[in-house]
Amino acid sequence: MDSVSINAVLRDTVEQLPLIDHHVHGALRDTPSHEEWANSFIEADTQPFPPQLDPLDSQLGFAVRAWCAPVLELPRHVDPQTYWQRRTTLGEQEVNRRFLAAAGVQRWVVDTGFATDTILSPEQMHEASGQPADEIVRLEVLAEELHAAGTLPADYPDAFRNLLSARTRDAVGTKTILAYRCGFDVDLSRPSDAAVSSAYRQWQQGDSRLTDPFLIAFGMHEATRTGLPLQIHVGFGDRDLDLRAADPLLLTDFLRDPQVQQASVLLLHCYPYERAAGYLAQAFSNVYLDVGLAVNYLGARSAAVIARSLELAPFSKILYSSDAYGPSELHYLGARLWRSGLTKALSQFVASDEWSVDDAVRIAHLIGSGNARRAYPALSLKEQSV
Amino acid sequence: MDSVSINAVLRDTVEQLPLIDHHVHGALRDTPSHEEWANSFIEADTQPFPPQLDPLDSQLGFAVRAWCAPVLELPRHVDPQTYWQRRTTLGEQEVNRRFLAAAGVQRWVVDTGFATDTILSPEQMHEASGQPADEIVRLEVLAEELHAAGTLPADYPDAFRNLLSARTRDAVGTKTILAYRCGFDVDLSRPSDAAVSSAYRQWQQGDSRLTDPFLIAFGMHEATRTGLPLQIHVGFGDRDLDLRAADPLLLTDFLRDPQVQQASVLLLHCYPYERAAGYLAQAFSNVYLDVGLAVNYLGARSAAVIARSLELAPFSKILYSSDAYGPSELHYLGARLWRSGLTKALSQFVASDEWSVDDAVRIAHLIGSGNARRAYPALSLKEQSV
Amino acid sequence: MDSVSINAVLRDTVEQLPLIDHHVHGALRDTPSHEEWANSFIEADTQPFPPQLDPLDSQLGFAVRAWCAPVLELPRHVDPQTYWQRRTTLGEQEVNRRFLAAAGVQRWVVDTGFATDTILSPEQMHEASGQPADEIVRLEVLAEELHAAGTLPADYPDAFRNLLSARTRDAVGTKTILAYRCGFDVDLSRPSDAAVSSAYRQWQQGDSRLTDPFLIAFGMHEATRTGLPLQIHVGFGDRDLDLRAADPLLLTDFLRDPQVQQASVLLLHCYPYERAAGYLAQAFSNVYLDVGLAVNYLGARSAAVIARSLELAPFSKILYSSDAYGPSELHYLGARLWRSGLTKALSQFVASDEWSVDDAVRIAHLIGSGNARRAYPALSLKEQSV
């Protein structure tokens, strides 16, 4: 095959890959205000954008204008005002319908633990996209429910286990946002029930937000003991987070725990620690990684982070996700940028004859969906039961 | 437009951009010795270079030979000895005249706080280049002046505020070299005047060099309370510095201080932490970054760091600087390499149709000078008052 | 010269460079089992690879299939099973003969400190390759020998010095695996003999593996006092290692010791800290770096790490190594990938006219062997004595 044909094969393959988006949130239910919409593209800031500046003057904003505009039948790079008017005219239902379909995702694995009143539930994601949607249970939410219900300290360990068991009955995995609550630079060894009760008693005297590392670690260990996959937010996010304490290497001791090694552990996002995450994915046979979220935020620079994710990690340990939340531009863009970036990386590997075309096609399928099926056994079972 | 025309438009735009060099030092007053000159290209070492090696065998040295030689009417890649003879023959005044003009800088923002006896003052930079030069006041210098003058501990807090106020009357910003003095891994919360007096009393028993984190933090907080922009040296520099303690993420708590958020904070250089700096520039609406110094030292590899600076940071938060100090080759080279690197990055974004040409041109102007005008309000006022 | 000719000159130069592999281990003595062989390509895991996955589904595995297969007269990208059968049929002696020759290495500098019963000694490497092989003495092995021999605490400091002196009589350097034993985030200042005796007494009550930072630091200081080069494992390796504690910046204080500065210090591997290592190589005139091991593991992505090693470090401070251990595919692949990656980097520097062809050729020779000769004075003497 000549290089033009090779690139065509790779491009076609990756463009048509049915994806499993293994970490995503719901799309918006209703048309947002302009400010809500624009601020959705600035992950890290809670303040309104300075009025003299365009919030879309970022790699993400430019990517929305380049890639999302055509899905709304607008020219690429359309001005933000025209874009905004068009999406408002279409209405959120039509916007969602278009972007969710354009993503080419065959299965959504939805984190239902954050600000769910304005976004679609897994069932609604299913309706809006025509594709099945599974649930990921956020561990800190369970703890906070028990706290709100006035669970007694002595009862807390069993109550948590029971609630986890009940809530994950139909879920395919769990998630922790340790990074947002206390960072990774804490003792993550498995605490005793007595110690957990005592920490919980202390929490009862504080506010409703769980930040105690002990109690979060308890949740993580209990989650891995169910055998369900555990997703861990790693690397960049909004500014509540101390990015230095979201370095996945700080999880090394946790990952060395033999019980933890019985479950899949999925390192989410990882930027700018994707090389360290790749090291962990090689070092621990149960550890996986993705570069979701970062891909959207890096826009025209996202091909580089995708290429970096293809370094130390065995190819069986890399997954696709968008980490989209809210505007369904993000659900589409995650897939759109990932397809472009992966095609670019694979084309370079094949062009220098370091990979064969067949291997490149095979690995694209693994990353696009095959690895998620192995990492999440429940996902595979659900697919088979259809 | 075809791709050849696009590249021509982008190249012409960036080549002709009038720059604001928002962090720079004076050029040499007099012709240096060969050793002084050669050692200017090894930021991190105080020892003479081993005699059997050429100090120009580095990316910076090769960049001097490639880009600076033609400005002295020598062929690209000329041998170091011929280059040295030529610059000596021309004399420092002529060398400065050529390189400062070739930089295409319309305004120099000069840090006057380091070893100023051998380099040009802002006024002299103005004379040598024909372009206005503004002043950045280094905070540690003010503290050391008060220390040298025998200021009493009880008087120190007010004396510092008064001196800061007096010295910044005509300045456009302030700068801290916290990174060189104690690193960022210290408590940077705002100290009380009583605590400052006490720390100052201790310093009076030590040597004249300020390294006390308490007193440096005091200066930083006072500086932001003036409303003037605060420059912070981040990342690599000479070997006095512990590079690990120059990670900008260690500034996160300082940046969370609501008072600090009232002033622009400019993260300088940042290598190899430019991705972390970009995260902070997105997370905090008053935080800006540049990759000056690194651009010069990376030479033929500098396009990559410029591209990395275009990741998370909103495009309104990225600035140009050279951080040149001494030989005016560095004042020119900063601009020369930055223009090449930015053109390369923009061309790639446009070639893949992820950015429009118009956006690329607009963002180039923002980074070249527009963002500096917004970050430094005094600069804008001075321009208008001309 | 036109660009085609330039690339041809650079390619030919780098392809034919005789290399000094300044950090390598012996090749396999005997044909391994399939499991041993396959697990040799997963640095970081001690577990067998999950049966449903191919252990060669990694950048390293694909590089073996792409580059090593032709040396065994198989087509590029041959399937793993055919490859395995072919190398088994040929036998280890023939496999070694082919790969060691194909590496184009003119001198092996062999670390003899790890699991030497299954791999070739320096003498056997000489026989198998026809090229001279020198020895690097691993410091922790010496300490453990004295421990096993029941050396008395009071005698330990002198006994270590005597053993070091005896064992390095014909060696060209020393090596520490501090990274594997306690990490770099420890006090590495020179301990007194009394303190060493006391730490040794404590060790006598533990197991035979040396992990005491005090005793390891003692070895490192004694090694530099001999004037011999000291190799330090930096960055990624197997999962015994805490990658965060293998950051070379944690060595900064050790490198500031004036006595340490009398010997060459060689930072090995360095991934993903190669930029930090480059900073140290610029900051300290006795510090060198390589990106061995990483080059093999990154396969089709290795050109990027080679390019990153050409940033801050002066060109006189960068060395070649493979860090191959075991299957001689790794001895060959290190050189094969390095030649491709270096050619790519140099071609880009020359294509943009930032480097001259002559400089690129000169620097290729420095990195391929010249810098090793200067870093290891004993190596140079041995070459001259032939």
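Worth knowing before you read on, the calculation uses all heavy atoms, side chains too, and leaves out hydrogens, waters and symmetry mates. In what follows, chains carry the letters A, B, and so on, assigned in the order in which the sequence lines appear, proteins first and then strands, with residues in each chain numbered from 1.
- A salt bridge links A/R76 and B/D353; the closest N-O separation between the charged side-chain nitrogens and carboxylate oxygens is under 4.0 Å.
- The two residues A/L74 and A/Y83 make their nearest non-hydrogen contact at CD1-CA, 3.8 Å.
- The greatest number of non-hydrogen atom pairs below 4.5 Å with chain B, out of A/A304, A/A66, A/A300, is found for A/A300.
- With A/R86 contributing its side chain and A/L72 its backbone, the two residues share a donor-acceptor pair below 3.5 Å.
- A/A246 approaches A/V234 most closely through the heavy-atom pair O-CG1, 3.5 Å.
- Here the shortest heavy-atom pairing between A/P32 and A/W37 reads CG-CB, 3.8 Å.
- Contacts of A/L241 with chain B are made by both backbone and side-chain atoms, with heavy-atom separations under 4.5 Å.
- For residues 327-349 of chain A, heavy-atom neighbours of chain B at less than 4.5 Å comprise A/L337, sorted by residue number.
- Using a 4.5 Å heavy-atom cutoff, the side chains of B/L250 and B/Y273 are not in contact.
- Of the listed residues A/L60, A/V305, A/L298, the one with more heavy-atom pairs under 4.5 angstrom with chain B than any other is A/L298.
- Options B/L255, B/L312, B/D253 differ in how many heavy-atom pairs under 4.5 Å they form with chain A, and the most are formed by B/L312.
- A 6.0 Å sphere centred on CZ of A/R11 holds no more than 12 heavy atoms belonging to other residues, nucleotides or ligands.
- Separation of the B/Y271 and B/Y297 ring centroids does not fall under the 6.0 Å cut-off.
- B/Q262 places a side-chain N or O within 3.5 Å of a backbone atom of B/P258 that can act as its donor or acceptor partner.
- Contact of B/L280 with chain A is not made at all, since no heavy-atom distance falls under 4.5 Å.
- Of the atoms belonging to B/D247, it is side-chain heavy atoms, and not backbone ones, that fall under 4.5 Å from chain A.
- Residue B/L17 comes nearest to B/A364 through the heavy atom pair CD1-O, 3.3 Å, listed as atom of the first residue, atom of the second, then distance.
- Contact annotation for B/S352: only backbone heavy atoms (N, CA, C, O) come within less than 4.5 Å of a heavy atom of chain A.
- Across B/R308, B/E311, B/R256, the residue that shares the most heavy-atom pairs under 4.5 angstrom with chain A is B/E311.
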